[in-house]
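What follows is a short report on a single structure.
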Amino acid sequence: MLKPSDPALQPPEPGSERPVGELVNQLVEDGKAYARAEFGVAKAIASAKASALKVPAILLGAAVLILQAGVTMLAAGLFVALLAPLGPLLAGLLAALLFAAVAGGLAWWAVTTIRRAP
């Protein structure tokens, strides 16, 4: 018959019971070990998820930068298109107002969506 290697896991012999203080100490140590193991598992899961999301986050950041460049080029194109009929001051003002209106509309949409959320 196989015996457990840890003497604490062996059944007590009749008439030889462990003191309550020793049992409480063993319970506290087992609880600490369990908490450390659970923390280690949570840390490993978080690390695995972070590693899995690293490349998509980099790609999303690059996409945002490219989109920002596109919006900048759109604003410059609108300015150049309005430059001939309106002149530089009015063309710049109108282009800025149009993009400010778009940004304001998106901000309003975001705020109303947040307010509707439970």
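Residues take their numbers from the sequence shown, with the count starting at 1.
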**Message:** Test your reading of the model: is there a side-chain donor-acceptor pair from Ser47 to the backbone of Lys43, 3.5 Å cut-off?
**Reply:** no
**Fill in**
To the nearest 0.5 Å, atom OG1 of Thr112 lies from atom CZ of Arg116 at 5.0 Å
**Message:** When you group the ILVMFWY residues by side-chain heavy-atom contacts below 4.5 Å and let the links chain together, are Leu98 and Val71 in the same group?
**Reply:** yes
**Asked** How far apart are the closest heavy atoms of Leu86 and Ala91, and which atoms are they?
**Response** CB-N, 4.1 Å
**Request:** Find the distance between CG (Leu78) and CZ (Phe99) and round it off to the nearest 0.5 Å.
**Result:** 6.0 Å
**Prompt:** In the single-linkage hydrophobic clustering (I, L, V, M, F, W, Y; side-chain heavy atoms under 4.5 Å), do Trp108 and Ile114 co-cluster?
**Reply:** no
**Nearest-0.5 Å distance, CG of residue Leu89 to CG of residue Leu94** = 11.0 Å
**Item:** Rounded distance (nearest 0.5 Å) linking atom CG of Leu53 with atom CD1 of Ile58
**Value:** 11.0 Å
**Item:** Rounded distance [0.5 Å steps], CG in Leu59 versus NZ in Lys54
**Value:** 12.5 Å
**Asked** Is it the case that one hydrophobic cluster holds both Leu74 and Leu82, taking links as side-chain heavy atoms less than 4.5 Å apart, direct or via other members?
**Response** yes
**Prompt:** Could you give the distance from CG (Leu93) to CZ (Phe79), rounded to the nearest 0.5 Å?
**Reply:** 11.0 Å
